Participant: 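If you scroll down you'll find the structure; I have some questions about it.
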Amino acid sequence: MAVGGFAVDGGNVDGLGGRITLSVVITCFVAATCGLIFGYDIGISGGVTTMAPFLKKFFPSVLRKAAEAKTNMYCMYDSQVLTAFTSSLYIAGLASSLLASRLTAAFGRRNIMVVGGCTFLAGAAINGGAANIAMLILGRILLGLGVGFTNQATPVYLSEMAPPKWRGAFNTGFQFFIGIGVVSANCINYGTAKISWGWRLSLGLAAAPAAIMTLGALLIFDTPASLVERGRLTQAKQALLRVRGRDTNIEPELAELIRSSEIARAAKEEPFVTIFERQYRPHLVMSIAIPFFQQLTGINIIAFYAPVLFQSVGFGSDSALIAAIILGLVNLGSIVVSTSVVDRFGRRFLFIEGGVQMFLCQVAVASVLAATTGTSGTERISKGYSILVLVLMCIYAAGFGWSWGPLSWLIPSEIFPMKIRPTGQSISVAVNFAVTFVLSQTFLTMLCHFKYGAFLFYASWIALMTIFVVLFLPETKGIPLDSMNVVWERHWYWQRFVNKESY
Ligand code: BGC
């Protein structure tokens, strides 16, 4: 089947845009480092909020409560103030990710990555030097604004830059660097936990990943699609020659980009209105459902509170951090697995396999907790069972690492036509942050009240999202961005919504 100048056959693309050049690898590698700051923040917050000197300075009541609540492991750290500190970042991120849609369209993906990095840098400096709660919260708001920008711009950048045939692999780089950020933060926490002002180091060192990614972003050029969108045809052509190879015929791809950009320009609509048109219903549903479900896998509960959780289930404070590091490394390894198979086995396969794996693990964790500490939460579970919980969580983290982790950034960045791509990605990031906020705000209370049932809650959501993927997510592997309409046209349910002229 010939679509928009590309030969598309059963999900495989023939010929154009399939070549991997050194330039595209380096460019995407550098761009993917933008994931570092998001990951660093996720990894650092959980550890810092269990450091006694930090709690003593900013949240003394939490420390008192933790000492008193020793009898009930499910409720040790249940504090709204503490979770508000962690999740204030997500509210700021939500606002900036929505704003980022207009900014990336007007100024390009790359420039917004730079802005995000600088904002995050400022937040890290304020947090490292925080003298009171106000500074702490201000710092976190700046961090949030920063990740809102980078999380919106980077996945779109990667999907537009990558050769269509390998788009999945290139895009997983973003999640890979999120994972590196998480693990480095966990290691740093492990070292700083022993120092009385260690929390300052942990928070201030967020400047390091921010500096790395900002410098990196300054060195790369914007995507051909974004350059065409902004009317910079000569630069777009040069960018295409660099990433596709000087000896490649880039004219068909350039022509496709110009065609998409003309459709976008002719429409002259407000993208936040366009995206609600009936023909974009499938896209809109995915951009909301995918990040919504990603969070309901329960991953952040594990990531933010892994140290808390492990302490709660009987590990000492040192071993709790080590356990979190192990979990992070497993997650990292599994992202590499995703990179190597996502363009061969496809997105659906990974989503379904990962879903089944995560479901079984959550049910198993719930069963172990039910069998050992029951609902009272007063009985410490034995070392052996604690290790079993850790092993189960590792298998769970691996499942997430090759499915909902990377693919939740990939899908929203690849399904939209150019004119509403930044808007779609913004909605997706905003939903991600909103749901993260609600869940992190409620998890510790939920753990305290539902006990092991909290894990069954997530298991049920995982079952539901896996069924959703089976029924509604079309396979997008190998399809060029500008020809993506075919996946909806062929889909048993979504075909009734699409309009052939919309790409
Ligand atoms: C998610 C984050 C999560 C992280 C874990 C990301 O894809 O969006 O919420 O904390 O993966 O590594």
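Keep in mind that this is a model prediction, so the values were computed, not measured. Both ligands and their constituent atoms are indexed starting at 1 by order of listing.
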Participant: Got a donor-acceptor contact below 3.5 angstrom from the Ser340 side chain to the Val336 backbone?
Facilitator: yes
Participant: Ligand 1 and Thr436, any nitrogen or oxygen pair closer than 3.5 angstrom?
Facilitator: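 It does not: no N or O of Thr436 is found under 3.5 Å from an N or O of ligand 1.
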Participant: Quick one: are the ring centres of Phe437 and Tyr90 less than 6.0 Å apart?
Facilitator: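 No, ring centres 6.0 Å or more apart.
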Participant: Under 3.5 Å, which donor-acceptor pairs do the side chains of residues 215-222 form with other protein atoms, sequence neighbours left out?
Facilitator:
| from | atom 1 | to | atom 2 | distance (Å) |
| --- | --- | --- | --- | --- |
| Asp222 | OD1 | Arg109 | N | 3.2 |
| Asp222 | OD1 | Arg110 | N | 3.2 |
| Asp222 | OD2 | Arg109 | N | 3.2 |
| Asp222 | OD2 | Ser226 | OG | 2.7 |
| Asp222 | OD2 | Arg230 | NH2 | 2.7 |

Participant: Could you list which atoms of ligand 1 come closer than 4.0 Å to a heavy atom of Gln294?
Facilitator: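 Once the distances to Gln294 are compared, the set is 1 (C), 6 (C), 7 (O), 8 (O).
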Participant: Run the numbers for me: atoms of ligand 1, each under 4.0 Å from some heavy atom of Gly405, listed by number.
Facilitator: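 So the atoms of ligand 1 that pass are 7 (O).
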Participant: Does Gly179 have a non-hydrogen atom less than 4.0 Å from ligand 1?
Facilitator: no
Participant: Quick one: side chains of residues 453-461, donor-acceptor pairs under 3.5 Å with protein atoms, not counting sequence neighbours, listed by atom name and distance.
Facilitator:
| from | atom 1 | to | atom 2 | distance (Å) |
| --- | --- | --- | --- | --- |
| Ser460 | OG | Leu456 | O | 2.8 |

Participant: Which of the numbered atoms in ligand 1 are below 4.0 angstrom from a heavy atom of Trp409?
Facilitator: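 What qualifies from ligand 1 is 6 (C), 7 (O), 8 (O).
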Participant: Parallel, tilted or perpendicular: which fits the ring planes of Trp494 and Phe472, with parallel below 30° and perpendicular above 60°?
Facilitator: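 Trp494 vs Phe472 ring planes: tilted.
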